[in-house]
Each structure stands twice: as structure tokens, then as C-alpha cells.
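Note sheet for the following structure.
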Amino acid sequence: MTTPVPVFVCGEPARGDDAAGLAAVELLAADVRARAEIHPVGRLDVLFLLDLPADEPCVVVDAVAGIRPGETWVRSLPALVDRARALADAGRAPEPSSSHELPLEQVLALAAILRDAPPAGTFVGIGGSCWDVGTPLTAAVAAGLPDCAAAITAAIEAYSG
């Protein structure tokens, strides 16, 4: 039997589209969920990544701003680390509002430094537009959930053999 693929699902269920990753994971088929170890984490913390063995891939799922609501965006975690480093080198790295609210790319870059290598795996994002407390998913995000779930499924299947 293969080791279940760790899936870190970011998001706050009570904040509109921020709950999209959690909703997408709920759409995964039972056989896919059986090959995954689902971790609802709120925000991705570097400690989650440091606990992974060096060669163990994971999947990170989150709602993201800056792309069309409902659109699925898939990138390798090492590619996001490279992007964070390029932004930092250009002096354009985003400033965190606190040490507990680092942007995803900075969390991945910090993990890469502490691990001596970028974490292996895939990021699956879904575009969102409303983050207000007490609001439901927007229609565009709800319509995009099946595509997001399909991308999560593909990543889990790629890593679980």
C-alpha cells in the first residue's frame, strides 16, 4: 500500500470564497480521498512542510486573488519557490502583515531554506473575489469547483501511483 498523499487545504469556511478549497475537497471521489490525507489548515504554516520527509510530495489547495473567480490555477511547489525568490531578488516580494500571515510563496521559500530544498508537490488554487465574513461562495467560484476538484484529483493520482 502506498503512503497517503498529504493534502493541506487552506481557507476559512466562514469567509465567502476563502472556503473554496474546502468545498472542492468535498467533491473528491471516495477512492481519491482514500489515497489522500486531508489536513484542513486554515493558513499554510511552514511547520507543516518541515514535517514532511524530503522526497514526499504534498498538495496545497487554496483560494487565490488575482485570477478570474472560479478559474483553477495549478503550479508545482518548486516553481512557486523560484517565483518567490525572483520577486525577492527584484525587490518586489509582498510584505506580510505579521509573521503568522506570510504569503504562500514566502512560506514555501522559507521551507526550502530550512529543508535545503523546495518542498515537492503541487499547488492547486481557485480564483475568488469575495472574502467577507458570513458570505457564501460566489456563483463563479461554485461553478469552478468541479474543475478545481479535478486538478486536486490529478495531483493526488500523480503522487499516489
Side-chain angles (χ1 to χ4, degrees), residues 1-13 15 17-67 71-90 92-128 144-161:
M1 181 167 161
T2 61
T3 303
V5 177
V7 179
F8 300 106
V9 187
C10 305
E12 169 54 51
R15 292 189 56 146
D17 291 342
D18 201 32
L22 300 162
V25 166
E26 291 299 318
L27 297 179
L28 299 178
D31 65 313
V32 174
R33 289 181 70 90
R35 290 181 272 151
E37 189 175 334
I38 308 292
H39 302 278
V41 297
R43 290 189 178 269
L44 187 65
D45 189 294
V46 70
L47 296 176
F48 301 135
L49 302 171
L50 295 179
D51 286 342
L52 295 174
D55 60 346
E56 183 177 346
C58 67
V59 178
V60 178
V61 181
D62 200 1
V64 295
I67 62 172
E71 179 181 347
T72 297
W73 193 75
V74 180
R75 298 292 185 273
S76 75
L77 297 182
L80 291 177
V81 169
D82 291 344
R83 182 174 186 271
R85 289 176 177 159
L87 286 171
D89 289 346
R92 295 187 339 193
E95 289 297 321
S97 57
S98 81
S99 62
H100 298 287
E101 295 182 3
L102 291 174
L104 174 72
E105 290 166 332
Q106 287 185 347
V107 171
L108 295 170
L110 179 58
I113 291 167
L114 296 173
R115 294 168 50 105
D116 292 327
T122 300
F123 175 79
V124 178
I126 181 168
L145 290 176
D147 287 343
C148 185
I152 298 166
T153 296
I156 292 169
E157 288 177 345
Y159 300 133
S160 65

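The distance from the CZ atom of Phe123 to the CG atom of Leu77 is 9.0 Å, given to the nearest 0.5 Å.
Every residue two or more places apart in sequence or in another chain that forms a side chain to side chain donor-acceptor pair (under 3.5 Å) with Ser160 is listed here: Arg35. Residues forming a ring-ring contact (aromatic ring centres under 6.0 Å, His included) with Phe48 (at least two apart in sequence, or on another chain): Phe8.
For Ile67 against Val64, the heavy-atom pair with the smallest separation is CD1-CG2, 3.6 Å. The two residues Gly11 and Leu22 make their nearest non-hydrogen contact at O-CD1, 3.9 Å. Contact record, Glu56 with Pro6: OE2-CG, 3.0 Å, taken as the closest heavy-atom pair. Smallest separation of non-hydrogen atoms from Leu49 and Cys58: CD2-SG, 4.0 Å. Taking every heavy atom of both residues into account, Ala36 and Pro4 meet most closely at C-CB, 3.9 Å. Summarising the geometry of Thr72 relative to Asp147, their closest heavy-atom pair is OG1-C, 3.6 Å, with the distance given to 0.1 Å.
Side chain of Arg33 to main chain of Val25: a donor-acceptor pair is present (N/O by atom type, distance under 3.5 Å, no hydrogens or angles). The main-chain N or O of Glu12 is found under 3.5 Å from a side-chain atom of Asp18 such that the two form a donor-acceptor pair.
The only member of Arg83, Arg85, Arg75 that meets side-chain hydrogen bond (donor to acceptor under 3.5 Å, both in side chains) when paired with Glu105 is Arg83.
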Donor-acceptor contacts, no H, no angles, side chain residues 148-157, under 3.5 Å, sequence neighbours left out:
{"unit_1": "Thr153", "atom_1": "OG1", "unit_2": "Ala149", "atom_2": "O", "d": "2.9"}

Test log, rule side-chain contact (heavy atoms from CB on, under 4.5 Å), inputs Arg43 and Leu104: CA-CA 9 Å; Arg43 290 189 178 269; Leu104 174 72; over 6 Å; no
Leu50 and Arg115: CA distance, side-chain angles, deciding distance, side-chain contact (heavy atoms from CB on, under 4.5 Å) verdict: CA-CA 7 Å; Leu50 295 179; Arg115 294 168 50 105; 3.5 Å; yes
Verdict with reasoning, Leu110 to Leu108, per side-chain contact (heavy atoms from CB on, under 4.5 Å): CA-CA 5 Å; Leu110 179 58; Leu108 295 170; over 6 Å; no
Full working for side-chain contact (heavy atoms from CB on, under 4.5 Å) between Val60 and Val124: CA-CA 6 Å; Val60 178; Val124 178; over 6 Å; no
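In this structure, Thr122 and Val74 have side chains that are in contact, with non-hydrogen atoms separated by less than 4.5 Å.
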